[in-house]
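So the structure is just underneath, and the comments pick up after that.
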Protein chains: 2
Amino acid sequence: MLNEFDLFKDFLHKQRLRWTPQRKMILDIFLSFEGHVQIETLHEKIREQDPSIGIATLYRTLKLLVDCELVEAHSFQNGKKTYERMFHVRHHDHLICTSCEKTIEFEHPLIEKYQVEICEAHGFTMKSHKMELFGICDNCRIKNNTLSFL
Amino acid sequence: MLNEFDLFKDFLHKQRLRWTPQRKMILDIFLSFEGHVQIETLHEKIREQDPSIGIATLYRTLKLLVDCELVEAHSFQNGKKTYERMFHVRHHDHLICTSCEKTIEFEHPLIEKYQVEICEAHGFTMKSHKMELFGICDNCRIKNNTLSFL
DNA sequence: ATTGATATTGATAACTGTTATCAATATAGA
DNA sequence: TCTATATTGATAACAGTTATCAATATCAAT
C-alpha cells in the first residue's frame, strides 16, 4: 500500500531530484494538519522542530508536492495561499452558517456527476472543485426569530 | 428603477462618504466590462480617458464597490484579484482553468435544486452559494501534450 | 454663494507573500 | 570514495496592494 512518502520519493526520483531530510520533515509536518493549511502555520511548526530550515525551502517543497499532485494550492482574498492534502482524502463540500459559522460537510454524487458533464461540455478536464453553500442554520434562525420580538 | 450609480451614491451618502468624478469614472469603466476584470485592465482603460487618476484611487474605489455589494472580488493562483459585477446579473458558477486562468461562467438548474435540498435536509435556509470547478482547458491540454514531446 | 469641517486625491513609500540568486553543502550513482 | 549536480539557507528582488501625507475637492450649514 503506497503512502505519501513513497509517492513523493518516486516522484523525485523520476525527475532526478533528491530526497532530503528537509523535504521529509516538511511533508511530515504538512500531513500532521487537516484541511487547508497556510504557509505561516507550517513555518511555525517547522521552526519548533528545526529553526535552521529556511522559508524558501518550504515554498520550494510545497511547489514540488503540488507538482506531484499530493497537494493542492488554493488562493484566498487576503492574497495568501493555502495548501490542501489531496491523497487518501475523500472529497466533500461545505455547508456554512453565515451567522454562527458552523460548517457541515456533505457529498452529493449527482452534483458531482453534473460537474463532470459541465466540464466536458466546455472541453475542460476537471481536476477538482469547490462548492460552498451559505445559509442560516436552524439554531440561528430560531434564535433570530426569538430576538426579533425584543 | 435603480441603477448602479444611484446605489453607489446612496451607499456613499449613508456612510458620509463623497461622490467624486473619479469614483464615477471608475464605476463607469468597470461597468463597460463583462465578467471578471483585473485591476490592470481597468487601469489601462482609465489612463486612456484620464491619465491623472492614481492607482491607489482605483484600489480604494473597488474596495468601496465591494463593500456596497455591487462588486465581488475573487483571488486566483497568480496572486492577482479579479473583480466581478454583482448587480443586475444572473447568478452563475465558475469553471476555471488552473493553467491559463481562463474562466467560463455557467448555470445548472438541477444543481441549484439539489443545493436547496441539501440545505433543507440539514435545516439550513440557503442564502447563497459558490461553486468553482477547476480543470485544464482544451487549449492548455493540447499545448502541454505538444510540449511534452520536446 | 461662502464657509469650514473633513473626505478624497495622487504620488510614492511601505508592506506582504512569494520567487530568484548565489555560494556553500549534501546527495546518490559510479 | 569520488564527482556531477541538486539542494540548501540567507537574503535580495519582485509584484500586487495598502498606508501615509500634504494639497485639494466636496457638501451641509449658513
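Chain A is the first sequence line, chain B the second, and so forth, proteins listed ahead of strands; every chain is numbered from 1. Fair warning: this is a prediction, and the values are worked out from it, not measured in the lab.
The backbone N or O of Glu120(A) sits nowhere less than 3.5 Å from a side-chain atom of His122(A) that would complete a donor-acceptor pair. In this structure, Arg23(B) contributes its side chain and Arg18(B) its backbone to a donor-acceptor pair below 3.5 Å.
Note on Gln22(B): only backbone sugar-phosphate atoms sit closer than 4.0 angstrom, heavy atoms only; bases stay farther off. Across all strands, His13(B) comes closer than 4.0 Å only to sugar-phosphate atoms, never to a base (heavy-atom distances).
His91(A) pairs with exactly one of His129(A), Lys130(A), Glu107(A) by the side chain to side chain donor-acceptor pair (under 3.5 Å) rule, that one being His129(A).
Taken residue by residue, residues 54-61 of chain A places heavy atoms nearer than 4.0 Å to DNA chain D at Gly54(A), Ala56(A), Thr57(A), Arg60(A).
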Evaluation steps, salt bridge (Lys or Arg N to Asp or Glu O under 4.0 Å), between Lys63(B) and Asp67(B)
CA-CA 6 Å; Lys63(B) 196 167 286 178; Asp67(B) 284 346; over 6 Å; no

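Lys14(B) and Asp10(B) are not joined by a salt bridge, as no carboxylate oxygen comes within less than 4.0 angstrom of a charged side-chain nitrogen. Ion pairing between Arg85(A) and Glu72(A) fails under the 4.0 Å rule for side-chain N and carboxylate O.
The nucleotide whose nearest atom lies closest to any side-chain atom of Arg23(B) is, among dT8(C), dT18(D), dT7(D), dT8(C). Each of dT27(C), dA7(C), dT17(D) was ranked by its minimum atom distance to the side chain of Ile39(B); first place goes to dT17(D). Taking only side-chain atoms of Thr20(A), from C-beta outward, the nucleotide of dT18(D), dT8(D), dA5(C) with the closest atom is dT8(D).
The separation between Lys24(A) atom NZ and dT8(D) atom P is 14 Å, rounded to whole Å. The nearest whole Å value for the distance from the NE2 atom in His74(B) to the P atom in dG16(D) is 19 Å. In this entry the distance linking CZ of Arg18(B) with P of dT8(C) reads 7 Å, nearest Å. Put simply, CG on Leu17(A) is 15 Å from C1' on dA4(D), counting in whole angstrom units. Between Leu12(B) atom CG and dA25(D) atom P the separation is 19 Å, expressed in whole Å. Note: NZ (Lys63(B)) to C1' (dT8(C)) measures 15 Å, nearest angstrom. Atoms CG (Leu62(B)) and P (dT8(C)) sit 15 Å apart, rounded to a whole Å. Separating the CD1 atom of Ile53(A) from the C1' atom of dT25(C) is a distance of 15 Å, rounded to the nearest angstrom.
Across the strands present, dT7(D) finds its partner in dA24(C); the criterion is a Watson-Crick or G-U wobble pair with both atom distances under 3.5 angstrom.
Summary of the strand contacts: Trp19(B) and Tyr83(B) both lie near DNA chain D, and taking for each the nucleotide with the nearest heavy atom, the more 5' one is attributed to Tyr83(B).
The nearest pair of heavy atoms linking His43(A) to Ile55(A) is ND1-CD1, 3.3 Å.
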